[in-house]
Amino acid sequence: MTHTLHEFDRWAEVRAALADPALVPELPAGDGGPAGASVTWLRATVARFCSGETHRRRRALVEAELARLEPASLRQAVVAAPAGDIRKRVVCALAEALGMPEPGAVAEAVIVVAGAYFGGGGDEAADEAVARLVARLAPDPADEAALEAAANRIGLLVQACDATTALVEAAADSGDAPLARVLREDPPVRAMRRVAIRATRIAGRQIAEGDVVLLDLATANRSHAVPLTFGAPPRVCPGRAHALALADGLLQRPLTAFARLHHQAAPLLLPNAWDYASAAALAAQGFPAIGTTSLGVAAAAGLPDGAGATVEATMALARRLGQGSFLFTVDAEGGFSDNPAEVAELARRLHEAGASGINLEDGRADGTLASAELHAAKISAIKAAAPALFVNARTDTYWLGRQEEATAERLAVYEQAGADGVFVPGLSDPDKIAALTAALVVPLNILYTPDGPTLDDLTVLGVRRVSLGSLLYRRALAAAMATAADLRAGRPVDCTALTYSDVQELAAPDGASWTSA
């Protein structure tokens with residue numbers, strides 16, 4: 001029977017095909033062969049080339065392996081790996097992290113297997129390499145469960161080998177282009193093949209059982225902000241974060257001390273201050289970095305928040321905070337201008353004052369959203385003027401209740417423009433948060449809310465930064481109002497507070513001293 005070849009290169013069509021359970025990766029020709037002894041057996045036993053319950057079982061094996069690995073530790077491991085072939089460094093770091101014996105020998109065998117893995121023909125050297133790897137990982141050839149687990153561990157290494165190497169090479173050729181932009185413009189996997197295990201319909205085109213579908217990811221990505229490099233549900237690549245960490249480590253692009261706080265096992269909990277004393281008090285509590293709250297700064301100055309009225313107050317606070325020894329990032333609303341050059345100049349001045357980061361929002365005072373293109377232009381201008389300044393690009397789609405469906409696309413535009421992190425205040429739905437972290441390259445920042453996910457929940461969801469926003473400022477005002485009202489009414493009051501000298505010490509910039517009045 002003759003089967004039709006269908007070619008798709010439009011983003012929506014490719015996205016639909018990737019999401020259609022009737023289309024599965026095409027298994028190259030060849031029978032399975034003896035268990036544990038050939039590339040054809042390996043391909044027939046990994047999650048990639050199967051479907052249904054078998055796929056779910058095998059994918060779970062891969063996910064369990066990856067769950068043991070913290071991406072940040074992989075980044076460090078590949079940096080520490082001996083110099084040499086990129087593929088060997090990738091596989092060595094991954095194999096060692098997975099606890100495999102003799103990771104160097106494992107890497108050499110995996111590289112041989114990778115050369116034949118996606119092809120259709122036999123390869124004696126690759127078959128022998130598979131057999132060596134299986135003997136290391138599943139020495140009992142009669143243990144079918146162990147053989148299946150070994151095959152999927154090997155498949156994980158094989159797919160990381162070539163795909164991660166291709167990403168690193170493309171990024172190296174691009175100079176300092178953001179990794180998110182490289183993934184969109186020069187994806188490591190430029191095309192995918194799928195075969196229909198049953199009849200289906202994609203973009204009005206009838207696909208018969210057995211038909212082959214060719215998906216042109218490179219062309220599709222160029223027409224849409226959100227790249228499809230790592231697939232789409234229900235087959236999103238489970239090793240996405242790990243591959244990006246390996247690539248980041250190999251590229252050795254420098255990370256500032258503040259940026260490194262976004263690549264740890266637990267998300268950065270960022271408390272927000274409104275003056276020097278509140279920032280110093282939070283730093284004294286051991287918080288590694290402090291943010292500012294635009295509401296607190298505006299309200300303290302008797303000005304409205306989010307209306308572009310506090311540029312002078314914001315700059316003055318940054319200069320005061322810059323006298324301290326703690327890391328801090330500044331909430332600069334929308335940059336106080338729609339002129340990217342003016343926003344970049346403000347960012348440069350903030351960085352010179354000592355700021356490690358800037359928070360830049362696309363919401364406007366009238367409740368609308370700035371265009372994604374304008375916000376991206378501001379981000380690009382800032383990174384050109386102050387490359388070391390961490391740009392946290394905020395979208396107010398959920399905060400304002402506008403264009404929520406466009407959130408992922410806006411964030412993709414911002415990270416491709418050079419944003420170091422992205423922020424979605426108002427988003428608390430766990431499924432939507434998980435969907436964003438699965439699609440983003442840069443760290444996701446979420447605003448903590450008492451009735452939203454806990455810090456532990458957000459960690460599991462992949463969030464890398466949690467801001468408190470204006471919460472502390474509002475709580476401080478509420479406590480002041482309640483204390484004064486209770487005293488006036490003659491009610492008992494808990495007057496536990498910092499002493500006068502405690503506050504004097506906090507308020508003094510490092511190295512200074514005050515004389516009590």
Side-chain angles (χ1 to χ4, degrees), residues 1-30 39-40 42-44 46-52 54-55 59 114-121 155 158-167 169-171 173-174 180-240 243 408-409 412-413 416 435 438-439 441:
M1 179 177 179
T2 302
H3 295 294
T4 303
L5 173 66
H6 304 268
E7 298 184 26
F8 292 106
D9 62 6
R10 295 182 180 178
W11 190 91
E13 296 172 344
V14 172
R15 174 68 174 74
L18 288 171
D20 193 329
L23 301 179
V24 301
E26 184 183 26
L27 178 64
V39 174
T40 52
L42 177 66
R43 289 189 299 237
V46 296
R48 178 182 179 87
F49 297 112
C50 61
S51 60
T54 302
H55 174 261
R59 182 183 173 94
Y117 184 74
F118 293 103
V158 168
Q159 292 184 203
C161 176
D162 281 1
T164 307
T165 299
L167 173 57
E169 291 175 343
D173 290 341
S174 72
R181 192 188 307 163
V182 175
L183 284 167
R184 176 175 178 261
E185 297 177 353
D186 193 5
V189 178
R190 304 186 66 81
M192 294 181 180
R193 290 173 71 90
R194 294 289 187 266
V195 63
I197 56 175
R198 59 180 179 273
T200 188
R201 194 172 185 84
I202 302 291
R205 193 183 307 184
Q206 187 63 39
I207 312 293
E209 181 180 349
D211 282 359
V212 175
V213 177
L214 179 64
L215 306 177
D216 183 347
L217 271 65
T219 300
N221 281 355
R222 286 195 291 270
S223 65
H224 199 277
V226 182
L228 297 168
T229 306
F230 290 97
R235 285 179 176 258
V236 173
C237 174
R240 184 180 194 283
E409 187 170 350
V413 171
Q416 288 163 31
V441 174

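Remember, predicted model here, so these are calculated numbers, not experimental data.
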Would you sort out whether Thr229 and Val189 count as a side-chain contact (heavy atoms from CB on, under 4.5 Å), showing the intermediate values? CA-CA 7 Å; Thr229 306; Val189 178; 5.9 Å; no
Of all pairs that satisfy ring-ring contact (aromatic ring centres under 6.0 Å, His included), the ones with a partner from residues 192-216, not counting sequence neighbours: none
Minimum heavy-atom distance between Pro25 and Arg48, given as atom pair plus value: CG-O, 3.0 Å
Test item: Asp216 and Val14 side chains (from C-beta on) under 4.5 Å apart, heavy atoms: no
Provide the closest heavy-atom pair for Cys161 versus Ala114 in the form atom of the first, atom of the second, distance. SG-CB, 4.2 Å
Between the side chain of Gln206 and the main-chain N/O of Thr200, is any donor-acceptor distance below 3.5 Å? yes
Before giving the answer on side-chain contact (heavy atoms from CB on, under 4.5 Å), spell out for Thr219 and Arg190 the whole-Å C-alpha distance, their side-chain angles and the decisive distance to 0.1 Å. CA-CA 8 Å; Thr219 300; Arg190 304 186 66 81; over 6 Å; no
Quick one: does any side-chain atom of Ser174 pair with a main-chain N or O of Val182 as donor and acceptor, under 3.5 Å? no
Distance check, rounded to the nearest 0.5 Å: Met192 atom CE versus Glu26 atom CD? 13.5 Å
Passes side-chain contact (heavy atoms from CB on, under 4.5 Å), Ile202 versus Leu23? Steps please. CA-CA 10 Å; Ile202 302 291; Leu23 301 179; 4.3 Å; yes
Could you grab the distance from atom CG of Asp20 to atom CZ of Arg198, nearest 0.5 Å is fine? 7.0 Å
Heavy atoms of Pro227 and Leu183 approach each other most closely as CB-O, 4.2 Å
So, does Arg201 use its side chain to make a donor-acceptor pair with the main chain of Ile207 at under 3.5 Å? no
How long is the span from the CG atom in Leu42 to the CZ atom in Phe49, to the nearest 0.5 Å? 9.0 Å
Minimum heavy-atom separation for Ser51 to Val24, with atom names? CB-CG1, 3.5 Å
Using the side-chain contact (heavy atoms from CB on, under 4.5 Å) rule, take Leu214 and Arg193 through it: C-alpha gap first, then chi angles, then the decisive distance, then the call. CA-CA 5 Å; Leu214 179 64; Arg193 290 173 71 90; 3.8 Å; yes
How close do Pro21 and Ile197 get, counting heavy atoms only, and between which atoms? O-CD1, 3.8 Å
Show the atom names and distances, to 0.1 Å, of all donor-acceptor pairs under 3.5 Å that link a side chain in residues 4-13 to residues at least two apart or in another chain.
from, atom 1, to, atom 2, distance (Å)
His6, NE2, Asp211, OD2, 2.9
Trp11, NE1, Val226, O, 2.7

Arg59: partners by salt bridge (Lys or Arg N to Asp or Glu O under 4.0 Å), with sequence neighbours left out: Glu63
Shortest non-hydrogen separation from Ala225 to Glu409 and the atoms involved: CB-CG, 3.7 Å
What I'd like to find out is whether the side chain of Pro188 reaches to under 4.5 Å of the side chain of Thr164, using heavy atoms alone. no
Minimum side-chain heavy-atom gap Leu215-Leu18 below 4.5 Å: yes
Do Arg15 and Leu228 have side-chain heavy atoms sitting under 4.5 Å apart? yes
Is there a donor-acceptor pair closer than 3.5 Å between any side-chain N or O of Asp186 and the backbone N or O of Ala171? no
